Protein chains: 4
Amino acid sequence: MPNDRTPDSSRRSERSRQAILEATRALISEVGYRKVSIEAIAARAGVGKQTIYRWWPSKGAVIFDSFLALSESAGGEGITLPDTGDIEADLRLVMRATVAEFADPAFEKPIRALNAEIVNDPDLAAQYREKLARPVDDAKKARLRSAQQAGQLAADADLDLVLEVLYAPLFQRWLHRTGPLTPEYADSLVDIALRAFRP
Amino acid sequence: MPNDRTPDSSRRSERSRQAILEATRALISEVGYRKVSIEAIAARAGVGKQTIYRWWPSKGAVIFDSFLALSESAGGEGITLPDTGDIEADLRLVMRATVAEFADPAFEKPIRALNAEIVNDPDLAAQYREKLARPVDDAKKARLRSAQQAGQLAADADLDLVLEVLYAPLFQRWLHRTGPLTPEYADSLVDIALRAFRP
Amino acid sequence: MPNDRTPDSSRRSERSRQAILEATRALISEVGYRKVSIEAIAARAGVGKQTIYRWWPSKGAVIFDSFLALSESAGGEGITLPDTGDIEADLRLVMRATVAEFADPAFEKPIRALNAEIVNDPDLAAQYREKLARPVDDAKKARLRSAQQAGQLAADADLDLVLEVLYAPLFQRWLHRTGPLTPEYADSLVDIALRAFRP
Amino acid sequence: MPNDRTPDSSRRSERSRQAILEATRALISEVGYRKVSIEAIAARAGVGKQTIYRWWPSKGAVIFDSFLALSESAGGEGITLPDTGDIEADLRLVMRATVAEFADPAFEKPIRALNAEIVNDPDLAAQYREKLARPVDDAKKARLRSAQQAGQLAADADLDLVLEVLYAPLFQRWLHRTGPLTPEYADSLVDIALRAFRP
DNA sequence: AAGTAAACGAGACGGTACGTCCGGTCTTGGT
DNA sequence: ACCAAGACCGGACGTACCGTCTCGTTTACTT
């Protein structure tokens, strides 16, 4: 017995959905996150405002979905990290790539916007964890697990914790702008994590 | 030579300033960050809107100052961490206290509000680092330096990095709600940091 | 030969038609004319909006038909006014009845709704004259004609004009709320008309 | 002690008030009454919507005031009807003028619109009586009183009733489109009224 | 002490966007 | 084929705030 408040999604217009997400993406790039309004999205997408309110609970949710659609189309489904057998080299590669990504001004604004939204919206945060963070984290944990089996990491290491030690300092430094994000910084974090979780 | 656009702060009404900061604090706790508006702050403080716009450049700045006033009144000037000689025990104490603070629902809403503002405003972020984070970080680094001299930490350890490894995972977990904040988690982070920066 | 845009009325659901008219009546009485919407009528009648748009050209037409149905069911076909031979007494009776009807709050709202529609819609006004006003007016004129033959009214009196002098002041006073509608007022109007059209 | 909900009209912008009334008048002529929206008035007047909502309780009230401003600027304050000493001639003149006015298509739409609004809005009806109808009615009654003193009308005639007998049939015929408005019709009404209220 | 200039409370102003409601059209399944 | 249900585009509604702009009124510093 479905919730009778929920619209029947079988009737949903895929055409409108796509137009809304596309318009949202375009507007974020053009005018910046803070100035994106439901009104503007609807006008740009050639859609009634009600069609947005019918399917999304908040502006944050629309914007989030536009991110999600982007990452899905780009990332494909199964993400795999390189595995050369040398965990240190592989992690350095991945961490340096992450540093580069955060430094890219094209990504900077949207990601900050997303984080600002997530801070105050638990639902959005949950969606972020499930839909955006999890697939990537799973891939990283797969690589770490392979390193455990190869005896390069402590067998009892909590992989979620390993990920936090690797990424959280980077994330916080970026979010609060407490310092520069350099390739050397990425290397330092890899060193620290490997030392902490050495077998 | 002061900027002639700048109002003469000698004429500033301390009474109004206090009322605005107090009203801001109250509103954040009561109705949440999203619903705090300049209009509401002015009404609550019994103040004209212009008085806010005269002295603060943005809503974020008001919110930030309301924090600053709080921390200044509470924290005093010179913060010192306990130093029993046992760095592990001392860090556990401090980290457990931090965990408790983040878990306190009374602090939760304001801190999230502050972070939402900081993410998208570099000026505010800089003020945050200087006025709010630095004094606390300095105190923590002083304790870590004492541990270095006692041979409990590598002499060449970058103390900023140590702080990041200790606190960033905690901060990220709280911000993204990726997991529970428990005393055990605090202990884990201490263990990891000490292992990574062991002499 | 029906207009080929007109749906085949042989297929029309009598059940839906009744439900729509009944819902319209109920809504006018309950929430007042301003809040009657096609949307609300459809919901109340358990009918799709399209079913209303298929059979009626405008909201006014639906409202009008809801009246028509009522008057047809109530009024029967042949209306006859009392004829005691004394035109003054008979008119007083009828006029006092009309005053009472207008003063009845149960009739007030629907009649006002009907008039609001009629004012701006010539088609509706024509229908009103033909379907609602004419039968009643014919009956009144029959009684007046009988009075003419009895020598109680000028033989050359324009009966439409007599009706206007009788009823228009009453109608205008009600429509614009310019004064109270009392039995004495009804009597005055009868006096005036009889004096004006005396043989 | 004034009602503290009422805005302080000493602060009111006369410039905005005029712009709103002028825009309203223009829009009624251009797009017709039903399609006039607060949104369009505000845009046309170069005014925020709130400025309209602050000073008028409803769309009907704005439209009414735009009529009022027009009639005040046109009619001046003291209206006087011609008094040649011959009440029949004077009334015929005035009634024929009224007939012509009702027949003028430029007046037709707005007056119908106003009436449609008045039917369902008692407050508006009261304003109509006080501000628009009364000054004109007072002038008419002054002329009738002069006729009474000249012995051309019954001394005890209720002048409000006389006005109703004169004007209501005309008004009703126009409103419901029950017949043509001709100069002869105007004359008939004068005859009838004079006969009914003969001394 | 009087004069003056800035800050003050109040709140109207032109605007933008909100989230809701309804009009009228179109589509989908069910009978 | 008609129906109920309801999604769709469009557009107006009335509200909340934005940041700016007067109003008179303190308030504090000249003169």
Side-chain angles (χ1 to χ4, degrees), chain A residues 7-17 19 35-43 45-59, chain B residues 7-17 19 35-43 45-55 57-59, chain C residues 7-13 15-17 19 35-43 45-55 57-59, chain D residues 7-17 19 35-43 45-55 57-59:
Chain A
D8 176 357
S9 27
S10 76
R11 288 188 180 283
R12 183 169 191 178
S13 160
E14 182 60 20
R15 175 188 191 72
S16 294
R17 195 182 142 268
K35 292 182 182 170
V36 173
S37 63
I38 298 273
E39 204 110 42
I41 294 173
V47 142
K49 281 200 289 176
Q50 199 58 45
T51 302
I52 299 180
Y53 285 110
R54 188 155 27 229
W55 302 108
W56 285 277
S58 68
K59 185 170 77 173
Chain B
D8 177 357
S9 30
S10 74
R11 289 187 179 279
R12 182 168 189 177
S13 159
E14 182 59 18
R15 176 191 188 69
S16 294
R17 193 180 145 270
K35 291 185 181 168
V36 174
S37 62
I38 299 274
E39 202 105 33
I41 294 172
V47 141
K49 284 198 290 174
Q50 198 58 35
T51 302
I52 299 180
Y53 285 110
R54 192 164 14 238
W55 301 107
S58 68
K59 186 172 76 173
Chain C
D8 178 355
S9 33
S10 74
R11 294 195 174 275
R12 182 167 189 178
S13 160
R15 175 190 190 70
S16 294
R17 192 179 145 271
K35 291 186 182 168
V36 174
S37 62
I38 299 273
E39 203 105 30
I41 295 172
V47 141
K49 283 199 290 175
Q50 199 57 36
T51 302
I52 299 180
Y53 284 109
R54 190 157 25 229
W55 302 105
S58 68
K59 186 171 76 173
Chain D
D8 177 355
S9 29
S10 74
R11 289 189 179 282
R12 183 168 189 178
S13 160
E14 181 60 18
R15 175 190 191 69
S16 294
R17 194 183 143 268
K35 291 181 184 171
V36 173
S37 62
I38 298 271
E39 204 111 47
I41 295 172
V47 141
K49 282 199 290 177
Q50 199 58 45
T51 302
I52 299 181
Y53 285 110
R54 187 156 27 229
W55 300 108
S58 68
K59 186 170 74 174

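The model shown is predicted, which means the values in this text are computed figures rather than measured ones. Lettering follows sequence order; numbering is per chain, from 1.
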Subject >> T51(A) or G48(C), whichever maps to the more 5' nucleotide of DNA chain F >> reply: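 Closest to the 5' end, via its nearest nucleotide, is G48(C).
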**OP:** Hey, which sits more toward the 5' end of DNA chain F by its nearest nucleotide, S13(A) or S37(B)?
**Re:**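 The residue closer to the strand's 5' end, by nearest nucleotide, is S13(A).
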Can you identify which nucleotide, out of [options], has its nearest atom closest to the [X] side chain?
X      : options                   : value
E39(A) : dA12(F), dC18(E), dA7(F)  : dC18(E)
Y53(C) : dC18(F), dC13(F), dG23(E) : dG23(E)
V47(C) : dC22(E), dA12(F), dA4(F)  : dA4(F)
W55(A) : dA4(F), dC18(E), dC8(F)   : dC8(F)

Original post:
Should we count CZ of R54(D) as having more than 12 external heavy atoms under 6.0 Å?
Top reply: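 More than 12 heavy atoms, drawn from other residues, nucleotides or ligands, come within 6.0 Å of this atom.
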**OP:** List in chain and number order the residues that pass side-chain contact (heavy atoms from CB on, under 4.5 Å) with A43(B), two or more places apart in sequence or in another chain; answer none if no residue qualifies.
**Re:**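 Counting only residues at least two positions away or on another chain, A43(B) forms no side-chain contact (heavy atoms from CB on, under 4.5 Å).
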**OP:** Give a yes or no answer on whether the side chain of K35(C) reaches the backbone of A40(C) with a donor-acceptor pair at less than 3.5 Å.
**Re:**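 Answer holds: no.
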Locate the shortest heavy-atom distance separating [X] from [Y]; write the atom from each residue and the value.
X      : Y      : result
K49(D) : A42(D) : CG-CB, 3.9 Å
V47(D) : I52(D) : CG1-CG1, 4.2 Å
V36(B) : K59(B) : O-NZ, 3.1 Å
A19(A) : A45(A) : O-CB, 3.5 Å

**OP:** Do nucleotides 21-31 of chain F as a string where each nucleotide becomes B, S or -: B if the base has a protein heavy atom under 4.0 Å, S if just the sugar-phosphate does, - if no protein is that close.
**Re:** B-B----B---
Original post:
When the C1' atoms of the five terminal pairs at each end define the local axes, what inter-axis angle does the helix from dA1(E)-dT31(F) to dT31(E)-dA1(F) show, to 10 degrees?
Top reply: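 Rounded to the nearest 10 degrees, the bend comes out at 10°.
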Original post:
With side chains defined as the heavy atoms from C-beta onward, is the minimum distance between R12(D) and W55(D) less than 4.5 Å?
Top reply: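 The answer is yes; the side chains approach within 4.5 Å.
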Original post:
Which residue, P57(C) or K59(A), contacts DNA chain E at a nucleotide closer to its 5' end, judged by nearest heavy atom?
Top reply: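 Nearest-nucleotide comparison on DNA chain E picks K59(A).
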Original post:
Closer to the 5' end of DNA chain E via nearest nucleotide, is it R12(D) or E14(B)?
Top reply: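 The residue mapped nearer the 5' terminus is E14(B).
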Rounded interatomic separation in angstrom, taking [atom1] from [X] and [atom2] from [N]:
X      : N       : atom1 : atom2 : answer
R15(A) : dA7(F)  : CZ    : C1'   : 15 Å
I52(D) : dC13(E) : CD1   : P     : 11 Å
I41(B) : dG11(E) : CD1   : P     : 18 Å

**OP:** Just call it for R54(A): base, sugar-phosphate, or nothing, with non-hydrogen atoms closer than 4.0 Å on any strand.
**Re:**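 R54(A): base contact, heavy atoms under 4.0 Å.
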Original post:
Think S16(A) has a side-chain N or O under 4.0 angstrom from the OP1 or OP2 of dC9(F)?
Top reply: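 Yes, S16(A) has a side-chain N/O under 4.0 Å of OP1/OP2 on dC9(F).
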